[in-house]
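Quick note on labels: first sequence line is chain A, next is B, and so on, each numbered from 1.
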Amino acid sequence: GAVVSQHPSRVICKSGTSVKIECRSLDFQATTMFWYRQFPKQSLMLMATSNEGSKATYEQGVEKDKFLINHASLTLSTLTVTSAHPEDSSFYICSARIGIDTQYFGPGTRLTVL
Amino acid sequence: GENVEQHPSTLSVQEGDSAVIKCTYSDSASNYFPWYKQELGKGPQLIIDIRSNVGEKKDQRIAVTLNKTAKHFSLHITETQPEDSAVYFCAARGFGNEKLTFGTGTRLTIIP
């Protein structure tokens, strides 16, 4: 299957700082990428849909000014958690879409905000 | 919008036996149904998918069946092995919708 990478895999930051997470499609181009958040022992919660060259579409309840998404190229999307607080601690996972529906996921980024 | 229910939430199976996980969906227009396997601390891995024009698909020990009339689809794993232990998620994509709606997950444990 297609390969999607995320960087970093783990990050620990102080409250009030910003953190950037990168999502790359390594062997294919992805017009559309998705960002998910996953709490322990729960399902994946879609945060936003990222389309190359346009503004991201955020799900209801997700603050777009707090979770900044940029999809500047066909192989890279970034999620920036601004002014992070302990409640933002979570497992963030991106996916990239091939064709009209198949999504391949990255390995995830564990964010811990102290 | 689409709603996907998944059962059971936990499943323990003796090594070598079969495991079956079931999902139901609400949107009759949904036409794409993938299954993902997620190991602890990792991202979900696509293991098999099926589209609405097909009733069954098989890949080695894994198979998925789809009943469009009843709006349910199932994952079948035969000859289970310890490495099959993981959380499995089903998902559905509605027609004209970019998003996948996920089930709540099934924690599968293979007992050696």
message: Heavy-atom cut-off 4.5 Å, strictly under: side chain, backbone, both or neither for Q42(A) against chain B?
response: backbone
message: Working note: S77(A) + W35(A), criterion side-chain hydrogen bond (donor to acceptor under 3.5 Å, both in side chains); need CA distance, chi angles, decisive distance, verdict.
response: CA-CA 9 Å; S77(A) 177; W35(A) 287 95; 3.0 Å; yes
task: Report yes or no: does Q6(A) contribute a side-chain atom to a donor-acceptor pair with the main-chain N or O of Y92(A) at less than 3.5 Å?
output: yes
task: Of all the heavy-atom pairs spanning H71(A) and A30(A), show the shortest one and how long it is.
output: NE2-O, 3.2 Å
message: Could you check whether E22(A) pairs with K20(A) (Lys NZ or Arg NE/NH1/NH2 to Asp/Glu carboxylate O, under 4.0 Å)?
response: no
query: Looking only at heavy atoms, which of residues 53-82 of chain B get nearer than 4.5 Å to chain A?
result: none
- line: Applying a strict 4.5 Å limit to non-hydrogen atoms, the region of Q38(B) in contact with chain A is side chain
- request: Just give me the residue among L44(A), L46(A), D101(A), I93(A) that pairs up with chain B most often, heavy atom to heavy atom, under 4.5 Å.
  value: D101(A)
- request: For atom CG of L114(A), decide whether the heavy atoms of other residues, nucleotides or ligands shown that lie under 6.0 angstrom number more than 12.
  value: yes
message: Side chains of T75(A) and Q29(A): any donor to acceptor distance under 3.5 Å?
response: no
query: Counting heavy-atom pairs under 4.5 Å to chain B, which of T102(A), V4(A), T109(A), T49(A) comes out on top?
result: T102(A)
- prompt: Just checking, any donor-acceptor pair under 3.5 angstrom between side chains of S95(A) and Q103(A)?
  reply: yes
query: Relative to chain A, which segment of P44(B) carries a heavy atom at a distance below 4.5 Å: side chain, backbone, both, or neither?
result: both
Aromatic ring proximity F67(A)/Y58(A), centre distance under 6.0 Å: no
